[in-house]
Amino acid sequence: MDQATRLRQLINVKNSLDKNRFRVITVSSGKGGVGKTNFVTNIAMSLAKRGVRVGILDADFGMANIDILFGVKSRYSIYDILYNNKTIDDVGIITNHGIKIIPGGSGINELYEIDDDKRKKLMNEFSKLQNIDILLVDTGAGISKTVLNFVEIADEVIVITNAEPTALTDAYGLIKVIINKNINSNINVVINRARNIKEARDTFEKLFKTVETFLSAKIKYQGFVIEDLKVSQAVREQKPFYELYPKCEASLCIQRITSEILGENQPVKNDSIKEYIGKLLRVMGR
Ligand SMILES: Nc1ncnc2c1ncn2[C@@H]1O[C@H](COP(=O)(O)OP(=O)(O)O)[C@@H](O)[C@H]1O
Ligand SMILES: [Mg+2]
């Protein structure tokens with residue numbers, strides 16, 4: 001066992017004893033528009049309703065829209081911490097359910113090129129964000145360096161796809177890179193917009209078999225979200241569907257996935273949000 005593995009094990013043991021452990025879940029997809037932001041928004045709501053202190057890092061700088069789905073407006077982003085002297089309190093938005101949203105904005109791309117002063121500043125600001133149990137990271141689609149960086153430093157990844165062959169092919173493409181580059185071994189899959197439970201299962205099985213056969217790796221089924229008109233209705237009202245229609249079919253799916261997320265004893269790599277940001281800057285600096 002090498003030193004890094006031993007260290008990781010020690011950290012895991014420590015964290016499994018700590019009920020208030022800090023957990024980071026990165027949500028990604030191969031193809032765009034498959035439902036990442038809606039998933040993150042509603043899982044966040046459902047976790048918050050269960051008493052989990054949730055943070056969301058909106059790391060999709062191209063199409064950042066977590067704030068839109070919550071019906072709030074972000075004035076600043078991480079960019080303004082770096083270049084406009086803003087604090088994490090200026091940048092972060094707290095929804096009326098206590099969810100802390102941190103807009104990454106164009107600041108995400110800046111992280112590749114910052115000097116030591118800015119690095120310190122960022123770590124300092126983030127270390128003020130103490131009260132988060134689970135940080136959800138909404139990334140862009142595809143296999144850009146940025147997405148892979150966020151996948152690498154997460155405790156677990158959720159890859160979202162729908163049943164369409166294009167989305168599935170791209171999901172496989174993302175999983176393939178994650179596995180081949182040995183970036184993260186904790187890959188979970190959510191099938192979105194499934195017409196029923198069987199279609200969801202069958203779609204996952206197809207992906208599972210392909211990954212097993214061609215990559216000799218395993219992925220885990222995290223559940224499905226059914227195709228539900230209430231989803232786009234809620235989007236138009238700029239409220240999470242889980243809030244507006246807590247009994248709709250999609251909300252029940254979200255509830256099930258939340259139980260799945262909370263029920264597991266996942267190994268946790270991240271000690272604190274400060275440590276997490278430190279890691280982010282390190283992988284980005286490579
Ligand atoms: N389970 C679902 N049922 C019906 N429509 C959905 C569902 N999930 C997503 N959508 C639709 O897909 C659109 C894109 O979803 P979004 O979460 O913005 O995708 P992404 O973040 O991956 O680009 C939403 O605006 C919504 O209209
Ligand atoms: Mg999105």
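Owing to the predicted nature of the structure, the values given are computational and were not obtained by experimental measurement. Both ligands and their constituent atoms are indexed starting at 1 by order of listing.
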Worksheet entry | Any protein heavy atom nearer than 4.0 Å to atom 13 (C) of ligand 1 | no
Discussion item. If I apply the N/O under 3.5 Å rule, does Gly35 come out as touching ligand 1?
Written reply: yes
Practice prompt. State, with a plain yes or no, whether a side-chain heavy atom of Met284 is found less than 4.5 Å away from one of Tyr112.
Written response: yes
Worksheet item: Are any of the N/O atoms in Ser29 less than 3.5 Å from those in ligand 1?
Response: no
Worksheet entry | Structural part of Asn38 in contact with ligand 1, heavy atom criterion under 4.0 angstrom | both
Discussion item. Whether Glu125 and Lys86 form a salt bridge (side-chain N of Lys/Arg under 4.0 Å from carboxylate O of Asp/Glu) is what I want to check.
Written reply: no
Worksheet item: Side-chain contact, heavy-atom cut-off 4.5 Å: Ile101 with Leu57?
Response: no
Worksheet item: Does an N or O from Asp228, backbone or side chain, lie closer than 3.5 Å to an N or O of ligand 1?
Response: yes
Worksheet entry | Identity and distance of the protein heavy atom lying nearest atom 27 (O) of ligand 1 | Ser232 CB, 3.6 Å
Worksheet item: atom 11 (C) of ligand 1: which protein heavy atom is closest, and how many Å away?
Response: Arg193 NH1, 3.4 Å
Discussion item. Check this for me - ligand 1, Val231, N or O atoms closer than 3.5 angstrom, yes or no?
Written reply: no
Practice prompt. Examine the proximity of ligand 1 to Asn192 and report which part, side chain or backbone, both or neither, has a heavy atom under 4.0 Å away.
Written response: side chain
Worksheet item: With under 30° as parallel and over 60° as perpendicular, where do the rings of Tyr221 and Phe204 fit, or are they tilted in between?
Response: tilted
Worksheet item: Do any N/O atoms on Gly33 end up under 3.5 angstrom from N/O atoms on ligand 1?
Response: yes
Discussion item. If I apply the N/O under 3.5 Å rule, does Lys36 come out as touching ligand 1?
Written reply: yes
Fill in: Side-chain heavy-atom pair Ile25, Val157 within 4.5 angstrom cut-off
no
Practice prompt. Using a cut-off of strictly less than 2.8 Å, determine whether Thr37 has an N/O/S atom near the Mg ion (ligand 2).
Written response: yes
Discussion item. Using a 3.5 Å cut-off on N or O atoms only, is Phe39 in polar contact with ligand 1?
Written reply: no
